[in-house]
Amino acid sequence: MSGHGPVQPGLGGGSMEVVAVIDFETTGLSPGQGDRATEVAAVILEDGRIVDRYQSLMNGGVRIPSFIESLTGISNAMIRRAPPAAEVMQEVADFVGDRPLVAHNASFDCKFWDAELARIERSRQQEFVCSLLLSRRIFPLAPSHKLGALVEYANLPVAGRYHRALADAEMAASLLLRLEDELRERHEVNDVSVQLLRRIQRVPKAQLTRCIARERSR
DNA sequence: TGCCAGGCCCTCTTTAGGGCCTT
């Protein structure tokens, strides 16, 4: 299945430049070990709202291990009927365009994004923002920084079944909006830009307050 | 035969080890 859905009300209170929040389901953890994407989703965040969405299963011709079938609910039979991975990656890359990308544990999604794009002889132009790294800094007291645990901790809506691409992308989008709200309210940062988020996710935890203070004095 | 990711982050650290997080 692929397609664009209706506009939904957002959760955030402010605005940032437009970003695309993405999520992959895959056959395993490493494209370098032969793992392939089985599903991808992207949602466009604009003015604190999800304004567009893309989701598709994708057939990379690799068998899904049974424990991952159980984890995601995506079966080998579903993938056999899915469009080719190359076709889906062309669509999703066109869908997100050159917008900055956001993912929960972005190092994982970035690996698969780059590997699947390389197979269709395309390359990523934009940077990733990582909601996991941001959460570790902005919600240091959360008992866990798994996406599901953060959704519960921040009292965010559960968008659907965990470990399905669109639900996870929507929940990561909600989480990003909540993190932006925290920066505005708790640290009195008026302009939460992608550039600021990338600085925060890289700064050592102990220097977060100093980093934000510098940002506010700009 | 046996093994198989990798970046981040903390601490009993930095000449290292191990947990977290993604599927």
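In what follows, every chain begins at residue 1, and chains take the letters A, B, ... in the order their sequences are listed. In this text the structure is predicted, and so the values were computed from the model without any measurement.
- Within residues 62-71 of chain A, the residues approached by DNA chain B to less than 4.0 Å at the level of any non-hydrogen atom are A/I68, A/L71, in residue-number order.
- Residues of residues 97-111 of chain A that place a heavy atom closer than 4.0 Å to DNA chain B, in numerical order, are A/H104, A/N105, A/F108, A/K111.
- Using atom C1' as the reference point in both B/dC3 and B/dC21, the two lie 22 Å apart (nearest Å).
- We find that NZ of A/K146 is positioned 10 Å from P of B/dT23, with the value rounded to whole Å.
- Between A/M16 and A/L176, the shortest heavy-atom contact is CE-CD2, 4.2 Å.
- Comparing the same atom, P, in B/dT14 and in B/dG18 gives a spacing of 13 Å after rounding to whole Å.
- Under a hydrophobic clustering in which Ile, Leu, Val, Met, Phe, Trp and Tyr are joined whenever their side-chain heavy atoms come within less than 4.5 Å, directly or via other members, A/V62 and A/M78 fall into different clusters.
- Cluster membership for A/L141 and A/L132, using ILVMFWY side-chain heavy atoms within less than 4.5 angstrom, is not shared.
- Nucleotide B/dC9 holds its P atom 10 Å from the CG atom of A/L134, rounded to whole Å.
- Separating the CZ atom of A/R137 from the C1' atom of B/dC21 is a distance of 14 Å, rounded to the nearest angstrom.
- Each of A/L150, A/V102, A/V21 was evaluated against A/L175; a single residue qualifies, A/L150, per the side chain to side chain contact (heavy atoms under 4.5 Å, CB included) test.
- Using P as the reference atom, B/dC20 and B/dT1 are 34 Å apart when rounded to the nearest Å.
- Separating the CZ atom of A/R136 from the P atom of B/dG7 is a distance of 14 Å, rounded to the nearest angstrom.
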Report the C-alpha distance between A/E17 and A/S193 in whole Å, list the side-chain angles of each, state the deciding distance to 0.1 Å, and finish with yes or no for side chain to side chain contact (heavy atoms under 4.5 Å, CB included). CA-CA 7 Å; A/E17 58 259 56; A/S193 63; 3.8 Å; yes

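- At distances below 3.5 Å, not a single donor-acceptor pair connects side-chain atoms of A/R137 with backbone N or O atoms of A/L134.
- Ring pair A/F24/A/W113 is tilted by interplanar angle, where 30° to 60° counts as tilted.
- Going from atom OG1 of A/T38 over to atom CZ of A/R63 covers 13.0 Å, rounded to the nearest 0.5 Å.
- In this structure a side-chain-to-backbone donor-acceptor pair under 3.5 Å is present from A/R198 to A/F128.
- Taking the C1' atom of each, B/dG2 and B/dG19 are spaced 25 Å apart, rounded to whole Å.
- With rounding to whole Å, A/D168 atom CG is found 15 Å from B/dC21 atom P.
- For the residue pair A/E182 and A/I138, the shortest heavy atom distance occurs at CB-CG2, 3.8 Å.
- Tracing side-chain contacts under 4.5 Å through hydrophobic residues (I, L, V, M, F, W, Y), one never reaches A/L133 starting from A/L179; they form parts of separate clusters.
- Using a distance-only test at 3.5 Å, with no hydrogens or angles considered, a donor-acceptor pair links the side chain of A/E116 to the main chain of A/A37.
- Summarising the geometry, the separation between CG on A/L132 and P on B/dC9 is reported as 9 Å, rounded to the nearest angstrom.
- Taking a 4.0 Å limit (strictly below) on heavy-atom distances, residues 18-40 of chain A reaches DNA chain B at A/D23, A/F24, A/E25, A/T26, A/G28, A/L29, A/S30, A/Q33.
- Summarising the geometry, the separation between CG on A/L150 and C1' on B/dC20 is reported as 12 Å, rounded to the nearest angstrom.
- In this entry the distance linking CG of A/L147 with C1' of B/dC21 reads 11 Å, nearest Å.
- Straight-line distance between the C1' atoms of B/dC10 and B/dC4: roughly 26 Å, to the nearest whole Å.
- Distance noted for atom C1' between B/dC12 and B/dG17: 10 Å (whole Å).
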